[in-house]
Amino acid sequence: MSGNARQFDVRAALRRDNAAIELPIECKSLKASYPLLLSCIPRSQEESFHSVIYSREPDVVGAGPRGTIYSRTHTIRSVESIYQPGSPVGKSTAQVGRDENGPVSSGDGAAFDKWAQAFASADGLIARAVHAYRRYRTSHYMTFIAPILVVSNETLWSVNYSEEGVPVDDPAQVDEGLLYADRRYLPTDGASYTLSHLHIYTRTGLDRFLQRLASDGALWKAIFKAT
């Protein structure tokens, strides 16, 4: 990141009972003539996981002085994860287009700058999730954090490759995609937490995702499975 001051675009949260889905959202305005291209391959078993922070009061585990923060990270892997093995997952991005003189140009620096902000915002949410049982005055609390990058409508494209790197289809315009991130955090007083994926949406795609989070009970069960 540069030395410039940063301001997070949006932090959203959806809560049910003793669970929350936290969304650090960063926005990028793109032109249709210079869209973001997500290059995908089948997701491996090692990449198929998501994590949930479980925060609980000391008396639940019966150890340590009152006031001590207890938390652990529960990781759901492979076919049990919401990120399924074998599904397309982005491994790289680039902005591609033509300048006024016609030549094709590409680069991922501007997009990476936005990822950094989304992950920095997530860092604060992870630290807060460690203390969630206190904040919500309950014996325990579960938190899932999904960083999101939002781009303008009609500016997100995806192309799929085989595991050997051979294109299997032509680039297509999409409203959502996933980029494998594998970003690990270690809060001062809590267990480590890994953000396995960055969610990328157009504005239309984000609306659909939020509607799904608000109404899809099965998705909540899959996220907080066996936590």
Side-chain angles (χ1 to χ4, degrees), residues 5-27 48-78 80-83 114-150 178 181-201 205-227:
R6 296 296 188 188
Q7 181 176 356
F8 305 133
D9 288 353
V10 179
R11 278 178 171 175
L14 294 89
R15 298 186 177 88
R16 289 188 179 188
D17 301 323
N18 284 25
I21 299 173
E22 299 273 2
L23 308 173
I25 303 172
E26 294 301 323
C27 305
S48 303
F49 71 94
H50 72 277
S51 298
V52 173
I53 296 175
Y54 187 90
S55 169
R56 75 270 195 205
E57 63 181 355
D59 286 351
V60 172
V61 294
R66 178 168 290 279
T68 301
I69 298 296
Y70 285 87
S71 71
R72 64 178 173 84
T73 300
H74 180 67
T75 301
I76 299 99
R77 299 185 181 278
S78 190
E80 300 295 322
S81 173
I82 60 171
Y83 305 120
K114 282 299 183 184
W115 307 347
Q117 292 183 56
F119 290 131
S121 181
D123 192 12
L125 293 175
I126 292 168
R128 189 172 68 176
V130 171
H131 302 257
Y133 84 86
R134 282 184 170 178
R135 185 180 182 188
Y136 298 109
R137 298 182 180 181
T138 183
S139 63
H140 67 279
Y141 207 82
M142 301 173 291
T143 306
F144 171 67
I145 299 167
I148 293 174
L149 174 64
V150 182
L178 291 164
D182 196 26
R183 297 295 182 98
R184 188 171 182 266
Y185 295 80
L186 184 61
T188 302
D189 49 8
S192 64
Y193 186 84
T194 299
L195 298 170
S196 58
H197 292 73
L198 173 71
H199 292 239
I200 306 176
Y201 298 105
L206 178 63
D207 287 344
R208 291 173 182 166
F209 178 63
L210 294 177
Q211 290 171 10
R212 185 185 176 198
L213 287 181
S215 61
D216 191 344
L219 178 58
W220 282 73
K221 289 181 180 179
I223 290 173
F224 297 103
K225 190 179 185 71
T227 304

Test of understanding: with side-chain contact (heavy atoms from CB on, under 4.5 Å), list the residues that count as partners of [X], not counting sequence neighbours.
X    : result
R184 : S192, T194
A222 : I82
A132 : S55, Y136, Y141, T143

Looking only at heavy atoms, what is the nearest atom pair of [X] and [Y], with distance?
X    : Y    : answer
R212 : L219 : NE-CD2, 3.8 Å
R183 : F119 : NH1-CD1, 3.5 Å
R16  : G217 : NH1-CA, 3.4 Å
L195 : A181 : O-CB, 3.8 Å
W220 : L213 : NE1-O, 2.7 Å

Salt bridge (charged side-chain N to carboxylate O under 4.0 Å, His left out) partners of D182, counting only residues at least two apart: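 Scan of D182 (salt bridge (charged side-chain N to carboxylate O under 4.0 Å, His left out), adjacent residues dropped) gives none.
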Residue list, salt bridge (charged side-chain N to carboxylate O under 4.0 Å, His left out) with R208, at least two apart or on another chain: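 D175.
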Has [X] got a side-chain atom pairing as donor or acceptor with [Y]'s backbone, closer than 3.5 angstrom?
X    : Y    : result
R56  : T138 : no
S196 : F49  : yes
Y193 : I145 : yes

Pairing residues for [X] by the side chain to side chain donor-acceptor pair (under 3.5 Å) criterion, not counting sequence neighbours:
X    : value
T75  : S51
R137 : none
R135 : none
H50  : S81

Member of D17, I21, I76 meeting the side chain to side chain contact (heavy atoms under 4.5 Å, CB included) criterion with F224: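 For F224, the side chain to side chain contact (heavy atoms under 4.5 Å, CB included) check succeeds only for I21.
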Centroid separation H74 to Y54 less than 6.0 Å: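 That pair fails the under 6.0 Å test.
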Parallel, tilted or perpendicular: rings of H199 and F209 (30°, 60°):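 F209 vs H199 ring planes: tilted.
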Check against side-chain hydrogen bond (donor to acceptor under 3.5 Å, both in side chains), R11 and S121: CA-CA 8 Å; R11 278 178 171 175; S121 181; 2.9 Å; yes
Steps toward ring pair (Phe, Tyr, Trp, His ring centres under 6.0 Å) verdict (Y83, H197): CA-CA 9 Å; Y83 305 120; H197 292 73; 3.9 Å; yes
Residue pairs passing the salt bridge (Lys or Arg N to Asp or Glu O under 4.0 Å) test where at least one lies in residues 118-127, sequence neighbours excluded: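 Passing the test, one end in residues 118-127: no pairs.
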Steps toward side chain to side chain contact (heavy atoms under 4.5 Å, CB included) verdict (L14, L23): CA-CA 9 Å; L14 294 89; L23 308 173; 4.0 Å; yes
CA sep, side-chain torsions, deciding dist, call: L206, I148, side chain to side chain contact (heavy atoms under 4.5 Å, CB included): CA-CA 9 Å; L206 178 63; I148 293 174; 4.1 Å; yes
Approximate separation, where rounding is to 0.5 Å, of I53 CD1 and M142 CE: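 Result: 12.5 Å between the selected atoms.
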